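These figures come from a predicted structure and were not determined experimentally. When a ligand or atom number is given, it counts from 1 through the structure's own listing order.
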Amino acid sequence: MDPFADTLQRLREAFDSGCTRPAEFRAAQLKGLSRFLQENKQLLQEALAQDLHKSAFESEVSEISISQNEINSALRNLRAWMKDEKVPRNLATQLDSAFIRKEPFGLVLVIAPWNYPLNLSLEPLVGALAAGNCVVLKPSEVSKSTEKVLAEVLPRYLDQSCFAVVLGGPQETGQLLEHKFDYIFFTGSPRVGKIVMAAAAKHLTPVTLELGGKNPCYVDDNCDPQTVANRVAFFRYFNSGQTCVAPDYILCSPETQARLLPALQSAITRFYGEDPQSSPDLGRIISEKNFQRLRGLLSCGHVAIGGQTDESDRYIARPEHPLRCEQSSPSLPGRTAQRVMLLPSRLGPGTSAPTVLVGVQETEPVMQEEIFGPILPIMNVRSLDEAVEFIRHREKPLALYAFSNSSQVVKRVLAQTSSGGFCGNDGFMHMTVASLPFGGVGASGMGSYHGKFSFDTFSHHRACLLRRPGLEKVYALRYPPHTPRNLRVLLAAMETRSCSCALL
Ligand code: NAD
């Protein structure tokens, strides 16, 4: 028995009816998403706190507001994005109309991870709905509380003939992927990305893969160590290091390392206090499995800062929040108001203090796998050239950071490397700029989204040319019997250059 067949058939029929195409329908869905965020803010914050011990600040900044901004931008620009895009023509098509039409793909699957379980579900969803698709959202089963809100509350704000949330872990998602979708948008690990791409290939379904990896952070000798330490520590330990674009490791000289270590210690103490474990602003590791994996990484190199772990740290997850919260659901026309209840989920299994490792070897696990936790190794290099060489010899990362008082140094790192995104002298601020595409390259992924890039990602760019029925005498130049003169005229007419005269 296929648990997804009925849902998928319902969504396909809705798409085929054409109901998702008008701008008004798309705008109504986006407004529904906006109301979902506004009316369930507290419920969402509770869920995020239960899943990851996210502080209200982190939830607001990195989950709720960022999703709201994406919705607002789509609502503001929807009609402009939907417009046919006129393109320049060659001489042979001067009298015609040539344009790109942005068409919805059809039935789209969005698969989300657990680390920003709300934002990484909603941001792709905004693009998919704005582009006029029907959408199946598969949130992460690991971030259980947020998954529950997305499954039980979100559908009430959207047209359920066109949108569905389906639940499941690897096995169920594998079953879901056997179905034919018209587009798959996956955010997660490179390992599962390969599984998704292989499943998509069976149906020739196009994919966007938003993956992870190790993001290098080069720190030049010419820098202010405290400024660098503040910025690197903030972005490394945000969400307890469980961020795909977090600086994964530092590359710097031994001299800069010596200046950075006290500055990093100072930043960590200012941010999280003398006892980071009791800080309300430090998140928790999502699962027992990841906690054990991270604890294993602490044996690489030497611990210079932090290094403490507490596997049994369950009470600390949300001391300032009640474990049970209730919230009225929105009252929608024709629906009976229901109550959504978040029961205490299994709390994060442990804490790991913000940690800095030194003396690590590139062959050690901490330099071989994506860390995805509050651990920051420092690798020593003797020069900028050696740092660039180190970066170039590895998979292309999702993000790359360079810190220097010299703009020449930052520009050299930018020019001599490749990565999904780049930020000079800060952490992952580049991904907050909606006019920049967000996505990986090589092993860190393919495709991009955010703002208009999301709309374009979820739209088929249909090449259209509308010709006139007449002028057959002119067009007859193309037909046999061919002559050298006709060939010359045709080749000239098909050359790509802007020309306002109309010979053909
Ligand atoms: P994951 O790959 O384990 O899971 C992602 C999704 O895939 C989940 O919904 C999960 O249910 C599903 N899944 C897991 N195993 C599957 C299988 N065998 N078959 C089909 N589906 C399966 O990733 P995660 O642990 O949730 O997230 C962490 C990873 O995601 C990190 O590598 C991180 O860098 C990456 N990530 C990337 C971005 C980005 O924007 N590029 C953002 C967040 C996280």
Quiz prompt | Trp114 neighbourhood, listing ligand 1 atoms whose heavy-atom distance to it stays under 4.0 Å | solution = 24 (P), 25 (O), 26 (O), 27 (O)
Exercise. Using a 4.0 Å heavy-atom cut-off, say whether Leu211 meets ligand 1 through its side chain, its backbone, both or neither.
Key: backbone
Practice problem: Pick one of side chain, backbone, both or neither for how Thr243 approaches ligand 1, counting any non-hydrogen atom pair under 4.0 Å. | Solution: neither
Practice problem: Could you tell me whether atom 4 (O) of ligand 1 has at least one protein heavy atom nearer than 4.0 Å? | Solution: no
Quiz prompt | Protein contact of atom 42 (C) of ligand 1 - nearest heavy atom, named by residue and atom, plus distance | solution = Cys244 SG, 3.1 Å
Quiz item: Of the options Arg191, Arg293, Lys214, which is the one that meets Glu369 in a salt bridge (Lys or Arg N to Asp or Glu O under 4.0 Å)?
Solution: Arg293
Quiz item: Would the number of heavy atoms belonging to other residues, nucleotides or ligands and lying under 6.0 Å from CE of Met197 be above 12?
Solution: no
Quiz prompt | The single option from Val207, Val136, Val110 passing side-chain contact (heavy atoms from CB on, under 4.5 Å) against Ile184 | solution = Val207
Quiz item: Mind checking whether Pro377 and Ile371 have side chains closer than 4.5 Å, heavy atoms only?
Solution: yes
Practice problem: Report the nearest protein non-hydrogen atom to atom 23 (O) of ligand 1: residue, atom name, distance rounded to 0.1 Å. | Solution: Ser189 N, 3.5 Å
Self-check item: Ligand-side contact atoms (ligand 1) for residue partner Gly212, heavy atom cut-off under 4.0 Å
Solution: 34 (O)
Practice problem: Ignoring angles and geometry beyond distance, decide whether Asn115 reaches within less than 3.5 Å of ligand 1 through its nitrogen or oxygen atoms. | Solution: no
Exercise. Mark up the atoms of ligand 1 that fall under 4.0 Å of a heavy atom belonging to Thr187, in ascending order.
Key: 5 (C), 37 (C), 38 (C), 39 (C), 40 (O), 42 (C), 43 (C)
Quiz item: Mind checking whether Ser140 has a heavy atom under 4.0 Å from ligand 1?
Solution: yes
Quiz item: Looking at atom 40 (O) of ligand 1, what's its closest protein heavy atom, distance included?
Solution: Phe438 CE2, 3.2 Å
Practice problem: Can you establish whether the number of heavy atoms outside Glu395 located under 6.0 Å from its atom CD is more than 12? | Solution: no
Self-check item: Intermediate values then yes/no, ring pair (Phe, Tyr, Trp, His ring centres under 6.0 Å), Phe185 and Phe458
Solution: CA-CA 9 Å; Phe185 187 102; Phe458 285 105; 5.4 Å; yes
Quiz item: Asp456 and Lys102: salt bridge (Lys or Arg N to Asp or Glu O under 4.0 Å), yes or no, with the steps?
Solution: CA-CA 7 Å; Asp456 285 344; Lys102 311 285 174 67; 3.2 Å; yes
Self-check item: ligand 1 atoms in contact with Ile195 (distance to a heavy atom under 4.0 Å)
Solution: 18 (N), 19 (N)
Practice problem: Mark yes or no: Arg392 above the aromatic ring of Phe390, with NZ or CZ under 6.0 Å from the six-membered ring centre and no more than 45 degrees from the axis. | Solution: no
Quiz item: Just which atoms of ligand 1 are under 4.0 Å from any heavy atom in Glu370?
Solution: 31 (C), 32 (O), 33 (C), 34 (O)
Quiz prompt | Atoms of ligand 1, numbered as shown, that sit under 4.0 Å from any heavy atom of Glu141 | solution = 10 (C), 11 (O)
Quiz item: Hey, what do you get for CG (Leu44) to CG (Leu154), rounding to the nearest 0.5 Å?
Solution: 9.0 Å
Practice problem: Looking only at protein heavy atoms, identify the closest one to atom 14 (C) of ligand 1 and say how far it is in Å. | Solution: Val192 CG2, 3.8 Å
Quiz item: Of the backbone atoms (N, CA, C, O) and the side-chain heavy atoms from C-beta on, which set of Leu120 has a member under 4.0 Å from an atom of ligand 1: side chain, backbone, both, or neither?
Solution: side chain
Quiz item: Would one find more than 12 heavy atoms of other residues, nucleotides or ligands at under 6.0 Å from atom NZ of Lys31?
Solution: no
Quiz item: Does Tyr116 approach ligand 1 within less than 4.0 angstrom via side chain, backbone, both or neither, non-hydrogen atoms only?
Solution: neither
Quiz item: If you count the atoms of ligand 1 from 1 in the order shown, which ones are under 4.0 Å from a heavy atom of Ala112?
Solution: 6 (C), 8 (C), 9 (O)
Quiz item: With Val245, which of Phe438, Phe235, Phe238 fulfils side-chain contact (heavy atoms from CB on, under 4.5 Å)?
Solution: Phe438
Quiz item: If we only count N/O pairs under 3.5 Å, is Phe186 in contact with ligand 1?
Solution: no
Self-check item: Under 4.0 Å to a heavy atom of Glu210 - the qualifying atoms of ligand 1, by number
Solution: 37 (C), 38 (C), 39 (C), 40 (O), 41 (N)
Self-check item: Close approach, Ile111 and ligand 1, non-hydrogen under 4.0 angstrom
Solution: yes
